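Have a look at the structure below, then the notes.
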Amino acid sequence: MTKPIAISDSANFYVSAERIFDPTLKGVPVIVLSNNDGCAVARSDEAKALGIKMGEPLHLLRDKIAAHGVKVFSSNYTLYGDISRRVVEVYEDYTPKVEIYSIDECFLDFSGFRDRVTHARTMRRDVLRRVGVPVRVGIAATKTLAKCANDIAKKNPIFAGVLDMTDPALAAWLLPLVPVGDIWGIGRRTVKKLEGLGISTAAELRDMPLRQARALGTVVLERTVLELQGEPCIAFDDVEPQRKGMAVTRSSGKPMEDFDTVFQAITAHATRAAEKLRQHGLVAGTLTVFFHTNRHRADRPQYAGSRSKRLTPMSSDTLELVAAAKRCALAAWPKIENQSYGFTKAGVMLDDLLPLEDRPRTLFDAPQRSPVLMTALDAVNSRFGKKTMVLASEGMSRSWQLRANHRSPRYTTRISDLPVVR
DNA sequence: TCTGGGGTCCTAGGACCC
DNA sequence: TCTGGGGTCCTAGGACCC
């Protein structure tokens with residue numbers, strides 16, 4: 001008997017998080033936008049019912065928003081991250097093993113509970129009571145099947161948010177109802193290929209010959225088939241994996257025309273990346289800078305520049321990272337004379353990350369050339385707020401900064417954001 | 001006419017996830 | 001006018017080695 005795995009996820013998480021602090025949002029259409037107020041990345045059920053699609057650009061939604069009084073929010077990741085942490089705390093009261101999969105999803109070890117459905121229902125009520133967001137739970141023998149169960153529970157109110165599909169007979173009965181494209185790990189490309197073979201449901205994929213699955217979609221697809229058969233191939237893992245890379249990339253509020261502006265954005269991104277490195281106690285071995293024009297504008301000249309550089313010694317020092325980023329940006333800058341580009345996105349990526357204490361040593365290196373300065377920088381920005389102290393090359397105009405015209409208060413992490421009650 | 005056989009490491013690109 | 005950001009894993013193919 002394999003161990004039952006549960007996956008718990010939050011319905012429309014970002015919307016649910018906004019609703020905690022503003023009850024007037026209940027029962028009305030609400031959407032949360034991506035960075036730069038670009039497109040809808042979370043929609044309430046009411047917004048979905050209006051036909052608002054995941055990833056739909058805001059500028060195509062203006063009419064619907066006006067006609068139906070859709071409430072619109074910019075992303076408030078500080079708030080969502082904190083709510084997510086609180087939800088995990090509740091899960092930890094209901095199982096000794098929690099694997100955080102994403103900001104709104106956790107795998108839970110549900111082995112050993114006599115009545116898993118009752119246990120899940122109790123947990124669900126507790127999350128709602130203590131944090132205020134609704135969650136759904138799918139339980140099955142493998143992660144892929146648990147995701148299916150969760151998906152079925154999401155779409156069929158009859159399950160009241162909890163479906164235990166551990167029983168193989170129940171799985172066999174339900175899998176024919178799951179479209180193959182809804183399965184975890186099956187994306188658009190694979191759906192196309194499977195369609196050609198006449199495979200359109202989870203049950204049909206489960207019955208696909210393993211060799212054929214591997215030929216079509218490598219070991220990844222083969223594992224999915226095995227998981228659908230109830231054989232675990234994706235291990236439950238509650239230790240945080242060593243991260244391999246990190247990126248800070250942003251679209252700009254308006255096009256960046258000259259090197260100085262692009263470099264201001266890149267300075268800000270490299271600065272943020274260095275902060276993240278130090279927070280996690282890591283150093284980076286490679287830095288990549290990229291920037292590109294708006295691909296949706298066929299009428300404007302297109303350019304995409306990118307350069308990487310090894311960091312030796314490995315570093316988490318803002319000054320060193322920004323210096324390396326500048327060399328990359330200069331090397332990647334277009335060489336064509338008299339051609340002006342409107343760059344709309346820029347980013348800094350760091351790879352070959354290692355814990356500070358594991359970094360290779362050389363005779364003269366130090367993890368940060370200016371460790372005392374970095375400590376002071378982090379202390380000031382933590383005490384007085386982000387961006388209190390920045391490098392001059394980040395500039396003061398911030399003309400590249402992204403839009404966020406509908407941001408809600410950071411209710412749980414910033415006292416000055418709280419509404420004043422008189 | 002004959003033209004090895006493994007290894008390892010690295011990189012670019014594809015596919016997918018939320 | 002306006003179209004997100006941050007990750008992971010896998011494979012193929014080239015370079016290089018003995």
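Keep in mind it's a predicted model, so treat the numbers as computed, not measured.
Distances from the side chain of A/N294 to the nucleotides C/dG6, C/dC9, C/dT3 place C/dT3 closest. Distances were taken from every side-chain heavy atom of A/E105 (C-beta onward) to each of C/dC10, B/dC18, C/dG7; the shortest belongs to B/dC18. Taking the side chain of A/V219 as heavy atoms from C-beta on, and the options C/dC2, C/dT11, C/dG5, the nearest nucleotide is C/dT11. In the set C/dT3, B/dC17, C/dG6, B/dC17 carries the atom at the smallest distance from any side-chain atom of A/Y101. Relative to the side chain of A/K345, the nucleotides C/dC9, C/dG5, C/dT11 differ in distance, and C/dG5 lies closest. Distances were taken from every side-chain heavy atom of A/W184 (C-beta onward) to each of B/dC17, C/dT11, C/dG6; the shortest belongs to B/dC17.
Taking only side-chain nitrogens and oxygens, A/S75 never comes nearer than 4.0 Å to OP1 or OP2 of C/dG4. Taking only side-chain nitrogens and oxygens, A/K147 comes nearer than 4.0 Å to OP1 or OP2 of B/dC18. Look at A/R297 and you won't find any side-chain N or O under 4.0 angstrom from OP1 or OP2 of C/dT1. For A/S102, no side-chain nitrogen or oxygen approaches OP1 or OP2 of C/dG7 to under 4.0 Å. OP1 or OP2 of B/dC17 has not a single side-chain nitrogen or oxygen of A/K143 nearer than 4.0 Å. A sub-4.0 Å separation between OP1 or OP2 of C/dG6 and a side-chain N or O of A/R250 is present. Look at A/R189 and you won't find any side-chain N or O under 4.0 angstrom from OP1 or OP2 of B/dG14. Residue A/R62 places no side-chain N or O under 4.0 Å from the OP1 or OP2 atom of C/dT1.
Both A/N36 and A/A247 lie near DNA chain C, and the one whose nearest nucleotide falls closer to the 5' end is A/N36. Annotation: of the two residues near DNA chain C, A/V248 and A/L58, the 5′-most nearest-nucleotide partner is A/L58.
Between B/dG4 and C/dC16, the distance separating the two C1' atoms is 16 Å to the nearest Å.
Atom-to-atom, OH of A/Y77 to P of C/dG5 comes out at 8 Å; the value is rounded to the nearest Å. Atom CD of A/Q242 and atom C1' of C/dT8 are 14 Å apart (whole Å). When the C1' atom of C/dT11 is taken as reference, atom CG of A/L216 falls 15 Å away, rounded to whole Å. Atom NZ in A/K254 sits roughly 14 Å away from atom P in C/dT3 (whole-Å rounding). With rounding to whole Å, A/I103 atom CD1 is found 13 Å from C/dG7 atom C1'. Following rounding to the nearest Å, A/K309 (NZ) and B/dT11 (P) show an atom-to-atom distance of 15 Å. At whole-Å resolution of the value, CZ in A/R214 and P in C/dA12 are 10 Å apart. Distance A/D63 CG to C/dC2 P: 18 Å, rounded to the nearest Å.
Residue-level contact check: A/R188 touches the backbone only, with heavy atoms under 4.0 Å from sugar-phosphate atoms and none from bases. Among the heavy atoms of the strands, none lies under 4.0 Å from A/L33. A/K244 comes within contact range of the sugar-phosphate backbone alone, with a heavy-atom separation under 4.0 Å but no base atom that close. Looking at heavy-atom distances under 4.0 Å, A/G55 makes no contact with the nucleic acid at all. Across all strands, A/R223 comes closer than 4.0 Å only to sugar-phosphate atoms, never to a base (heavy-atom distances). Using a 4.0 Å heavy-atom cutoff across all strands shown, A/M246 reaches sugar-phosphate atoms only and no base atom. Among the protein residues, A/I183 comes within range of the sugar-phosphate backbone only, with heavy atoms under 4.0 Å from sugar or phosphate atoms but none that close to a base. Contacts of A/D37 with the nucleic acid, taken as non-hydrogen atoms under 4.0 Å apart, are absent. Using a 4.0 Å heavy-atom cutoff across all strands shown, A/K276 reaches sugar-phosphate atoms only and no base atom. Contacts of A/N35 with the nucleic acid, taken as non-hydrogen atoms under 4.0 Å apart, involve only primed sugar atoms and P, OP1 or OP2.
Checked against the 6.0 Å centroid threshold, A/W333 and A/F343 count as a close aromatic pair.
The closest donor-acceptor contact from the side chain of A/Q302 to the backbone of A/Y341 lies at 3.5 Å or more, if one exists at all. Judged by distance alone, the side chain of A/R19 and the main-chain N or O of A/L25 form a donor-acceptor pair under 3.5 Å.
Lacking a ring centre under 5.5 Å from that of the base six-membered ring together with a plane angle below 30°, A/H59 does not count as stacked on C/dT1.
Between A/F291 and A/Y303, the angle of the ring planes stays under 30°, which puts this pair in the parallel group of the 30/60° scheme.
Shown here, C/dC18 forms a base pair with B/dG5; the pair counts as Watson-Crick or G-U wobble because both key distances fall under 3.5 Å.
When each of A/R278, A/R383, A/K386 is tested with A/D378 by the rule salt bridge (Lys or Arg N to Asp or Glu O under 4.0 Å), just one qualifies, namely A/R278. Across A/R206, A/E227, A/Q229, a single residue satisfies side chain to side chain donor-acceptor pair (under 3.5 Å) together with A/T144, and that is A/E227.
Nearest approach of A/H406 to A/V72, heavy atoms of both residues: CB-O, 3.4 Å. Nearest heavy-atom pair across A/S399 and A/T261 is OG-CG2, 3.7 Å.
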